[in-house]
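For reference, the structure discussed in these notes is given below.
All chains are named by letter (A, B, ...) in the order of the sequence lines, taking the proteins before the strands, and each is independently numbered beginning at 1.
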Amino acid sequence: MVKQQISAIVKKAWENCRQSGFLPPDIDVNIIIEIPREEANGDYSTNIAFLLAPKVRKSPTDIAKTLIGNMEFHGVCEKVEVAAKGFINFYVRDDMWRAALQEISDQGLDSLVPDVGEGRKVLIEFVSSNPTGPLHIGHGRGAAVGDVLANIMKRAGYNVVKEYYVNDAGKQIDTLGQSTYARWKELTGDAVPLEEHYYQGDYVKDIASLIVESNVAVPAEKAEAIAFMSKFASDFVLDGIKKDLEDFGVLFDNYFRETRLYESGEVEETLATLKDKGYAYEKDGALWFKTSMFEKDEDRVLIKSDGEKTYFASDIAYHKDKFDRRFDTLIDIWGSDHHGYIPRMRASIEALGRGKDSLKVLLIQFVTLIKDGKPVGMSTRAGQFTTLKEVLNEVGRDAARFFFLMRKSDAHLEFDLDLAKKTTNENPVFYIQYAHARIESIFRVAKDEGIDLASVKTARVDLLTEKDEITLIKGILHFFDVIEGSAKSLEPHRITFYLLDLVGRFHSYYNKTRVIVGDRELTMARLLLLATLQQVIKDALALLGVSAPERM
RNA sequence: GCGCCUGUAGCUCAGCUGGAUAGAGCAACGGACUUCUAAUCCGUAGGCCGCAAGUUCGAAUCUUGCCAGGCGCGCCA
């Protein structure tokens, strides 16, 4: 749209300068078109002259002036000037903004989102919480980030699959079985001492009593009984996790079980391959992976001296499986406490013959819940963690999702439960939803006055001459840049900030300007603007998985 | 001890991958409802961008060294 046109103008000017000999043909710089912070500095600007200056030994001002002299504007700009010794500032004609609005209204949002993904296959793996206990608040944040990132990337043209890796093998599942067994013994008469490493949460008791109540046949032999409990309890917990995620609006395309990798022989196969390639070796009765060959990290154990395979071993097989399914890029979303795991994982990706960049890890920092102005304590060990479900019940899906996305994922997040529940202007979720409802309300009034909303598409956009109207259109257009930037940088939080900005422009406009006025044509033009705006708000909210109410 | 993340207004945080005079919300103060939803808006005030060097036309952003907080450093997952 407008930005692309500016970009094209700059490119063409550069090309012209090369042909005239003013600029050499062999140098290259990255053209960045940005929106200046100060409105007085134009609608767009570029610093290209600064970038070229040292390479061609000319002054930035000279370069900027000559570039401008070589520009072909085709009526896009009303003014272009050199500022601050080399910036080129573009002042776009209002007609162009109106034309862009018209284009969006005619074509719809979808077709105008830049295709940065070009259909590349991306697998986003997130949550992947062990089925040994309910999801807590930190998982909720990871779930929101993963789900929304998937939405954004899909919109930007990627082919995205959302996957949950279920660690249903290994020690922790065994521990869950033992914990359940102990509770079950408690219920059936003879108490067994609870060991310290057992899962202490009440849900374990619940599962034990469920086993008692449902009268299922528990094997008599202890080891078998524990195995049974492991399966029963982890299945139960996983079902609960799925339910919580569903309530949270997060639907996975696939739940991938770790045990499957063992059953299919992929773990063995992967280890054999690593050995063949010389990336794994035996020492002290264990099999080690040569992390140090690829990363600044120590070698790590794949098979312990007792013959057990480590989590790392199956995780490599898992990532190999992902590549075998022809994904170009793997995105893993982990709790930030796992960051020490990144080097070895990246090393294993290289050992599998893939580029380092084909794995991207997003770290999710911890969430602190705030209630009555004070942090809510949480300790998983003691089983007092605050679950996602509790938070959902407390503040609802919309607020929960939005609040999780109000920060960069690698920054600590303070989640103010009281604020999330407030239905006032302090609560950003309501601020945005209110704008949507307000626009809808205007439509209702318009309808009452006999205006046919279906015909606003043909309204005269040239009547939108108010400064605030142009400001709104610019905000609408920015949507496309934000999606692109958000998808490329893997930063879903940008959408929330964008929405707050956009909606702020609307509320300001609303308070200053009446939409439904005596002049019917003007009214129609403004309704067209608001219809498009509302569509953007609704669409952006949909990316976040937050509802857009028509009435509040 | 080593590594990663964080440090920006009283509070919570943005800052578009190095740009122009540092941004928002909340809290504080002062204003705006006979008019499409006041869950809103307008205005005022608030800053050594943790500290110190360096890189260059230009640094909150990049480098190095400190300081403070968080998290990691298992033949755990």
Side-chain angles (χ1 to χ4, degrees), chain A residues 32 34-38 40-41 45-47 50-51 53-54 59-60 83-87 89 130 132 167 169-173 175 258 283-288 296-298 300-312 314-315 335-343 363 365-366 370 373 406-408 410-414 416 419 422-431 433-435 437-446 448-449 478 481-482 484-486 488-489 491 493-494 496-498 500-501 504 506-517 523 526 530 551-552:
Chain A
I32 293 170
E34 60 181 2
I35 299 173
R37 186 163 39 212
E38 294 291 323
N41 290 327
S45 78
T46 180
N47 62 349
F50 288 109
L51 302 179
S59 84
K85 294 181 191 144
F87 285 102
N89 294 341
N130 292 342
T132 53
N167 299 122
K171 199 189 273 178
Q172 79 285 1
I173 293 289
T175 305
E258 184 184 4
K283 192 184 90 181
D284 304 333
L287 184 71
W288 297 71
K296 220 178 106 185
D297 191 29
E298 288 160 36
R300 304 290 174 174
V301 168
L302 295 165
I303 303 178
K304 298 185 257 177
S305 51
D306 66 2
E308 284 279 310
K309 287 165 191 88
T310 61
Y311 174 84
F312 182 41
S314 54
D315 213 12
S336 64
D337 52 335
H338 287 75
H339 71 256
Y341 192 70
I342 295 177
L363 295 175
Q365 275 284 4
F366 290 117
I370 305 285
M406 283 205 304
R407 302 285 174 262
K408 273 187 299 213
D410 57 0
H412 289 267
L413 170 66
E414 292 210 353
D416 189 329
L419 177 62
K422 275 191 192 163
T423 56
T424 70
N425 55 354
E426 296 160 60
N427 188 336
V429 187
F430 282 86
Y431 184 72
Q433 291 180 320
Y434 182 54
R438 229 179 187 184
I439 294 170
E440 192 61 33
S441 167
I442 295 173
F443 292 160
R444 278 194 295 268
V445 174
D448 286 349
E449 299 201 2
H478 196 44
D481 294 339
V482 171
E484 179 176 347
S486 187
K488 281 183 176 167
S489 63
E491 290 179 349
H493 75 279
R494 293 190 191 194
T496 58
F497 285 92
Y498 165 71
L500 286 168
D501 173 70
F506 164 72
H507 284 309
S508 179
Y509 173 67
Y510 179 91
N511 274 274
K512 226 180 287 179
T513 317
R514 275 193 73 78
V515 174
I516 298 168
V517 289
T523 301
R526 288 179 173 165
L530 291 199
R551 218 183 273 270
M552 287 172 77

How many Å lie between [atom1] on [X] and [atom2] on [N], as a whole number?
X	N	atom1	atom2	result
A:H507	B:rG25	NE2	C1'	13 Å
A:R407	B:rU12	CZ	P	10 Å
A:I342	B:rC73	CD1	P	13 Å
A:F430	B:rU40	CZ	P	11 Å
A:E414	B:rG10	CD	C1'	14 Å
A:M406	B:rU12	CE	P	13 Å
A:D416	B:rA27	CG	C1'	13 Å
A:I32	B:rA20	CD1	P	13 Å

> Just by protein heavy atoms under 4.0 Å, how would nucleotides 31-38 of chain B read 5' to 3' in B, S and -?
Replying inline: ----BBBS
Hey, is the main chain of [Y] close enough, under 3.5 Å, to the side chain of [X] for a donor-acceptor pair?
X	Y	answer
A:T132	A:I173	no
A:R407	A:E414	no
A:E449	A:I516	no
A:D284	A:A286	no
A:N89	A:S45	no

Looking only at atom [atom1], what distance separates [N] and [M], rounded to whole Å?
N	M	atom1	result
B:rC76	B:rC67	C1'	34 Å
B:rU61	B:rU8	C1'	12 Å
B:rC4	B:rC66	P	13 Å
B:rA59	B:rA53	P	14 Å
B:rG30	B:rG70	P	40 Å
B:rA14	B:rG25	P	16 Å
B:rA9	B:rA22	C1'	10 Å
B:rU64	B:rU55	C1'	11 Å

Check the interface with nucleotides 74-77 of chain B: list each N/O to N/O pair with the protein under 3.5 Å, or write none.
residue	atom	partner	partner atom	Å
B:rC75	O2	A:S305	N	2.8
B:rC75	O2	A:S305	OG	2.8
B:rC75	N3	A:S305	OG	3.2
B:rC75	N4	A:D284	O	3.0
B:rC76	OP2	A:K304	NZ	2.7
B:rA77	OP2	A:Y311	N	3.0
B:rA77	O3'	A:Q172	OE1	3.3
B:rA77	O3'	A:Q172	NE2	3.3
B:rA77	O2'	A:N130	ND2	2.8

>> Judged by each residue's nearest nucleotide on RNA chain B, which is more toward the 5′ side, A:S508 or A:E34?
In response: A:E34
> A:L413 or A:G504: which one's nearest nucleotide on RNA chain B is closer to the 5' end?
Replying inline: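 Of the two residues, A:L413 wins.
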Only counting residues at least two apart or in another chain, list the ones meeting side-chain contact (heavy atoms from CB on, under 4.5 Å) with [X].
X	value
A:S305	none
A:K488	A:V116, A:E484
A:A53	A:P60, A:I63
A:S486	A:I152, A:R494, A:I495

> Does A:R37 make a side-chain N or O approach to OP1 or OP2 of B:rG23 shorter than 4.0 Å?
Replying inline: yes
> Is the phosphate of B:rG72, meaning OP1 or OP2, less than 4.0 Å from a side-chain N or O of A:S336?
Replying inline: no
> What's the spacing between A:D315 CG and A:T310 OG1 if we round to 0.5 Å?
Replying inline: 9.0 Å
>> As an exercise, state the distance from OG1 of A:T496 to CE of A:M406, rounded to the nearest 0.5 Å.
In response: 7.5 Å
> Can B:rC33 be described as syn, meaning its chi torsion is within 90° of 0, or is it anti?
Replying inline: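 For B:rC33, whose glycosidic angle is within 90° of 0, the conformation is syn.
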> When you check the glycosidic angle of B:rU17, does it come out syn, meaning within 90° of 0, or anti?
Replying inline: syn
> Which one, B:rC41, B:rU12, B:rG19, comes nearest to the side chain of A:F87?
Replying inline: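 Nearest to the side chain of A:F87 among the choices is B:rG19.
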> Using the ring of each side chain (for Trp, its six-membered ring), is A:Y510 parallel, tilted or perpendicular to A:F506, with breaks at 30° and 60°?
Replying inline: tilted
>> For A:K85, I'd like to know if atom NZ has over 12 heavy atoms of other residues, nucleotides or ligands within 6.0 Å.
In response: no
What residues, two or more places apart in sequence or in another chain, satisfy ring-ring contact (aromatic ring centres under 6.0 Å, His included) together with [X]?
X	answer
A:H507	A:Y431, A:Y434
A:Y498	A:F479
A:Y509	none

> Given pairs defined as Watson-Crick or G-U wobble with both distances under 3.5 Å, what dot-bracket annotation applies to RNA chain B, with ( ) intrastrand, [ ] crossing, | other strand and . unpaired?
Replying inline: (((((((..((((.....[...)))).(((((.......))))).....(((((..]....))))))))))))....
Touch check for [X], heavy atoms < 4.0 angstrom, all strands: base, sugar-phosphate only, or nothing?
X	answer
A:S59	nothing
A:I35	base
A:A83	base

>> I'd like to know if A:N89 reaches the base of B:rA20 with its side chain, counting only an N/O donor and acceptor under 3.5 Å.
In response: yes
> Does A:N47 make a side-chain donor-acceptor contact with the base of B:rG19, cut-off 3.5 Å?
Replying inline: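 Side chain to base: pair found, below 3.5 Å.
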Might you list the N or O atoms of the protein lying below 3.5 Å from N or O atoms in nucleotides 3-8 of chain B, with each pair's distance?
residue	atom	partner	partner atom	Å
B:rG3	N2	A:H339	NE2	2.4
B:rC5	O2'	A:Q365	NE2	3.4
B:rC5	O2'	A:D410	O	2.9

> Can A:F497 be classed as stacking with the base of B:rA14, given a centroid separation cut-off of 5.5 Å and a plane angle cut-off of 30°?
Replying inline: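 No.
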>> Test of understanding: with salt bridge (charged side-chain N to carboxylate O under 4.0 Å, His left out), list the residues that count as partners of A:K512, not counting sequence neighbours.
In response: A:D468
